[in-house]
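Following: one structure in structure tokens, then a few remarks.
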Amino acid sequence: MKKNFLSGLALALATIAAPLMAHAGSLDVDGNFADWGVRNNSSVAGWTPNAEVLFTVEDQSNANGGYLSPGWGGQAYDAEAMYLTWYTKADGQTYLAIGMITGHDPATATTGNSFGRGDFAIDFGHDGIWDFGVLTADRSATLKQGDVVSTTNSNWATGLWSAPGVYDPENSPYVTHVSSGSDVGNAAMAISGPFGNMGILGGSHWFYEVEIPVVAFGTHWQGNNPSESFDVQWTMLCANDILILDPPVANVAEPASMALVLGALGMGGLVRRRKTKT
Ligand SMILES: [Ca+2]
Ligand SMILES: [Ca+2]
Ligand SMILES: [Ca+2]
Ligand SMILES: [Ca+2]
């Protein structure tokens, strides 16, 4: 009897765990995107990740005079694709994972007419205020690569453009890298070496892979799922090209899945009880 109940409970727990993990199996932060389902196989389909991953693709090239929006630079400044998922690990901690592919060499120095890599920016609540930065490079004596930094917009440097095609660094609204703010956590981060065969437009590409413990987001993230909508942005220090991913919270499958699972669990309990009677 007791054994039957325990094996039934284990089965039910496995059923509950399955949809959470299926929504987003945990990833290896190793700079390799195979675990996201992305492939560099010289096809358009290669950009498309596993079904549960939210993503945006904006692959451009040196065509159109290298115009990217809001600036220029062709493949060398092309922000190409962003991927997003979140998952809860066995230790109960939930993580937000970001993947990003760009034609911008992470080793690009900021000097003269060249501009280095920027930070990931997160705006919870869609209010135009960038609440967190995830640093892709050391920005000060205390704010280092991998730090999650609580910010307001005044903590951010901005790019060269005030609007698409309008060179006006004094009035740029496009945030690029964190200059100051409060260190509130540590993300795991890996940046790949160069690779080819991504999509059909050619060029070299690099992959950024980031995993952020959501406890760093404080009240902006409660439990296993985000408690409000948010944007994730990445660009380089000139903001020649900008990727923004806006994951609609309505897309989050967990509440519906959990309802189904809990329903199934209830039914499982009924079946178990009937079996016990007979
Ligand atoms: Ca990986
Ligand atoms: Ca490209
Ligand atoms: Ca682009
Ligand atoms: Ca905000």
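Whatever order the structure lists ligands and atoms in, that order sets their numbers, starting from 1. Computed from a predicted structure; not experimentally measured.
If you look at Asp78 and ask which of its N, O or S atoms sits nearest the Ca ion (ligand 3), the answer is OD1. Shortest distance from the Ca ion (ligand 4) to Asp131 is reached at OD2 (N/O/S atoms only). Distances from the Ca ion (ligand 4) to each N, O or S atom of Asp123 single out OD1 as the nearest. The N, O or S atom of Glu209 with the smallest distance to the Ca ion (ligand 1) is OE2. Here the N, O or S atom of Asp30 that is nearest to the Ca ion (ligand 1) is OD1. Within Asp28, the N, O or S atom at minimum distance from the Ca ion (ligand 1) carries the name O. Taking the Ca ion (ligand 4) as reference, Asp127 places its N/O/S atom OD1 nearest.
Around the Ca ion (ligand 3), the two atoms O of Ala79 and OD2 of Asp241 are separated by an angle of 80°, to 10 degrees. Centred on the Ca ion (ligand 3), the O atom of Glu58 and the OE1 atom of Gln60 lie at an angle of 110°, reported to 10°.
Of the residues Trp161, Phe115, Tyr77, the one that meets the ring-ring contact (aromatic ring centres under 6.0 Å, His included) test with Trp72 is Trp161.
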Take Trp130 and Val178 through the test side-chain contact (heavy atoms from CB on, under 4.5 Å) and record every step on the way to the result. CA-CA 10 Å; Trp130 296 98; Val178 169; over 6 Å; no
For Thr88 and Thr94: C-alpha separation, side-chain torsions, deciding distance, then whether side chain to side chain donor-acceptor pair (under 3.5 Å) applies. CA-CA 4 Å; Thr88 301; Thr94 298; 2.7 Å; yes
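Checking Phe124 against the Ca ion (ligand 4), an N/O/S atom falls under the 3.0 Å cut-off. Checking Phe230 against the Ca ion (ligand 4), every N/O/S atom stays at or beyond the 3.0 Å cut-off.
Between Phe230 and Trp221, the ring planes are tilted. Angles from 30° to 60° get that label.
Closest approach of Leu243 and Met100 over heavy atoms only: CD1-CG, 4.0 Å. Of all the heavy atoms in Ser162 and Asp168, the pair that sits closest is OG-CB, 3.4 Å.
Salt bridge annotation for Asp105-Arg117: absent, with no cationic side-chain nitrogen under 4.0 angstrom from a carboxylate oxygen.
Panel note: side chain Ser61, backbone Ala63; a donor-acceptor pair is recorded below 3.5 Å.
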